[in-house]
S.K.: 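This is the structure I have questions about; it appears just below.
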Amino acid sequence: MPELPEVEVTRQSFATRIRGARVDAVRLGKPLRWPLGCDPDSLVSQSVGEVTRRGKYLWLALERGGLLMHLGMSGSLAFSTATGLPGPHDHFDLVTTHGTLRLTDPRRFGAVVWSSAQDAGTAAKLLAGLGLEPFDPAFDGAHLHAALRGRRVAIKQALLGGEIVVGAGNIYACEALFEARIDPRTRSDRLSRARCDRLAEAVRQTLARALELGGSTLRDFRDAHGMAGEFQLQARVYGREGEPCVRGDGIVRRIVQGQRATFFCPGCQRR
DNA sequence: AAGTGGACCTGCTAGC
DNA sequence: TGCTAGCAGGTCCACT
């Protein structure tokens with residue numbers, strides 16, 4: 001579910017409220033993608049610091065380390081002072097003096113991983129090798145062009161890979177390629193510098209716009225206040241197979257790349 | 001090294 | 001109405 005905008009919207013919706021709280025209890029549900037990596041009780045009494053984001057990961061700083069959180073495909077976080085009894089898909093509760101942070105994740109591709117200040121362990125491995133943040137000024141056409149050199153994969157898959165730029169998942173990768181008028185099947189190393197300029201800009205614009213709108217609500221995305229996003233109303237190609245292109249250049253097609261659906265307009269998106 | 005496909009898990013929906 | 005196949009926002013890992 002959550003791509004960068006959804007993760008960032010989630011972060012913003014509880015970061016300030018949880019800051020300075022003290023952990024009272026931790027409750028675990030079913031196993032997530034990775035084990036927590038510590039005794040849950042060892043988190044109790046630690047105070048909560050900043051909540052930051054790297055790619056689609058959230059980092060919740062605690063006194064002696066922190067928690068690296070990922071929402072996977074179906075995860076969402078809620079932060080509330082009136083958290084009810086856990087349901088079948090509630091797999092992590094961080095009960096604090098300011099409220100309870102709860103991860104709900106039906107498919108359990110998400111994760112919450114402890115990382116101590118001394119030994120970052122699994123968390124460090126997960127963050128290693130991530131590409132630039134899309135809003136980092138260093139992410140531009142020149143960077144993209146250089147990073148794509150020698151890569152023969154389709155540009156769509158290079159964007160999704162996350163080693164060049166993080167944050168664009170399946171929806172926003174499709175949308176950004178549409179904005180940049182680039183065929184998602186284009187071989188990465190065949191993109192001119194000028195097209196890389198356009199694509200880098202399109203990635204930033206697409207993510208920024210989704211962020212302003214509060215993220216996507218493809219199914220049931222909610223931020224930690226329970227607010228729905230509105231980007232779905234803005235998707236120009238994603239999920240629009242068979243519909244006329246909004247530019248009027250053809251009919252939106254659906255293909256499969258790397259076992260993921262890709263939507264694009266063969267009329268205005270060129271190789 | 002880069003590319004490919006499988007794996008993880010559950011819920012929803014389209015189609016029969 | 002009820003069952004089943006197929007699909008879903010991510011990304012790690014093993015293998016070629």
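If you're wondering where the values come from, they're calculated on a predicted model, not measured in any experiment. We name chains A, B, ... by the order of the sequence lines, and we start the count at 1 in each one.
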S.K.: When the nearest nucleotide of DNA chain B is assigned to A/P88 and to A/V153 on a heavy-atom basis, which residue is associated with the more 5' position?
M.R.: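 Its nearest nucleotide being more 5', the pick is A/V153.
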S.K.: Looking across every strand, which nucleic acid part, if any, lies under 4.0 Å from A/R260 by heavy atom: base, sugar-phosphate, or nothing?
M.R.: base
S.K.: Of all the choices, C/dA8, B/dG3, C/dT11, which nucleotide is nearest to the side chain of A/A261 once you look at every atom?
M.R.: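 Within the option list, the nearest is C/dA8.
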S.K.: Report yes if a donor N or O on one partner sits less than 3.5 Å from an acceptor N or O on the other, where the partners are the side chain of A/Q157 and the base of B/dG3; otherwise report no.
M.R.: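 Donor-acceptor pair under 3.5 Å: no.
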S.K.: Below 3.5 Å, does any donor atom in the side chain of A/R107 face an acceptor in the base of B/dC9, or the other way round?
M.R.: yes
S.K.: Hey, which of these two, A/R254 or A/G161, hits DNA chain C nearer its 5' end, going by closest nucleotide?
M.R.: A/R254
S.K.: Which of the following nucleotides, C/dC12, B/dG3, C/dG10, is nearest to the side chain of A/R151?
M.R.: B/dG3
S.K.: Could you pull out the closest heavy-atom pair between A/Y172 and A/E3, with the gap in Å?
M.R.: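 Scanning both residues completely, I find the closest heavy atoms to be CD1-OE1, 2.7 Å.
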S.K.: Students often mix this up, so state it plainly: with edges at 30° and 60°, are the rings of A/F79 and A/F14 parallel, tilted or perpendicular?
M.R.: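 The rings of A/F79 and A/F14 sit tilted, inter-plane angle from 30° to 60°.
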S.K.: So with a 6.0 Å cut-off around CZ of A/R19, is the heavy-atom count from everything else above 12?
M.R.: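 Atom CZ in A/R19 is not packed in, count stays at 12 or less.
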S.K.: Ignoring the backbone of A/K125, work out which of C/dC13, C/dA8, B/dG6 is nearest its side chain.
M.R.: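 Of C/dC13, C/dA8, B/dG6, C/dC13 is nearest to the side chain of A/K125.
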S.K.: So which nucleotide from C/dC12, B/dG3, B/dC9 ends up closest to the side chain of A/Y57?
M.R.: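 Per side-chain heavy atoms of A/Y57, the pick is C/dC12.
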S.K.: Within the stacking criterion (centroid distance below 5.5 Å, interplanar angle below 30°), does A/F109 stack on B/dC8?
M.R.: yes
S.K.: Mind checking if A/R33 touches a base, just sugar-phosphate, or nothing, with heavy atoms under 4.0 Å?
M.R.: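 Base, at least one base heavy atom under 4.0 Å.
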S.K.: Suppose we define a pair by two distances each less than 3.5 Å, Watson-Crick or G-U wobble; what does B/dA7 pair with here?
M.R.: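 Pair assignment: B/dA7 / C/dT11.
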S.K.: With rounding to the closest Å, how many angstrom separate the C1' atoms on C/dG9 and B/dG3?
M.R.: 24 Å
S.K.: Taking the side chain of A/E3 as its heavy atoms from C-beta onward, which of B/dT10, B/dC8, C/dG9 lies nearest to it?
M.R.: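 Given the options B/dT10, B/dC8, C/dG9, the side chain of A/E3 is closest to C/dG9.
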S.K.: Considering only side-chain heavy atoms of A/R108, which listed nucleotide, B/dC9, C/dA8, C/dG10, is closest?
M.R.: B/dC9
S.K.: Among the candidates C/dG10, B/dG3, B/dT10, find the nucleotide nearest to the side-chain atoms of A/K30.
M.R.: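 Of the options given, the side chain of A/K30 lies nearest B/dT10.
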S.K.: Quick check: do A/K156 and A/L177 have side-chain heavy atoms less than 4.5 Å from each other?
M.R.: yes
S.K.: Around A/R152, counting heavy atoms of other residues, nucleotides and ligands shown, do more than 12 lie under 6.0 Å from its CZ?
M.R.: no
S.K.: Side chain of A/I171 only, heavy atoms from C-beta on: which candidate in C/dA8, B/dC9, C/dG9 is closest?
M.R.: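 That would be C/dG9.
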S.K.: If only side-chain N and O atoms of A/H89 are considered, is one of them under 4.0 Å from the OP1 or OP2 phosphate oxygen of B/dG11?
M.R.: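 It does, given that an N or O in the side chain of A/H89 lies less than 4.0 Å from OP1 or OP2 of B/dG11.
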S.K.: Of the nucleotides B/dG6, B/dG11, B/dG3, which has the atom closest to the A/Q259 side chain?
M.R.: B/dG6
S.K.: Looking at B/dT13, which nucleotide sits across from it as a Watson-Crick or G-U wobble partner, both distances under 3.5 angstrom, or is there none?
M.R.: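 Matched B/dT13 with C/dA5 under the 3.5 Å cut-off.
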S.K.: Between C/dG6 and B/dG6, how far apart are the two P atoms, rounded to whole Å?
M.R.: 15 Å
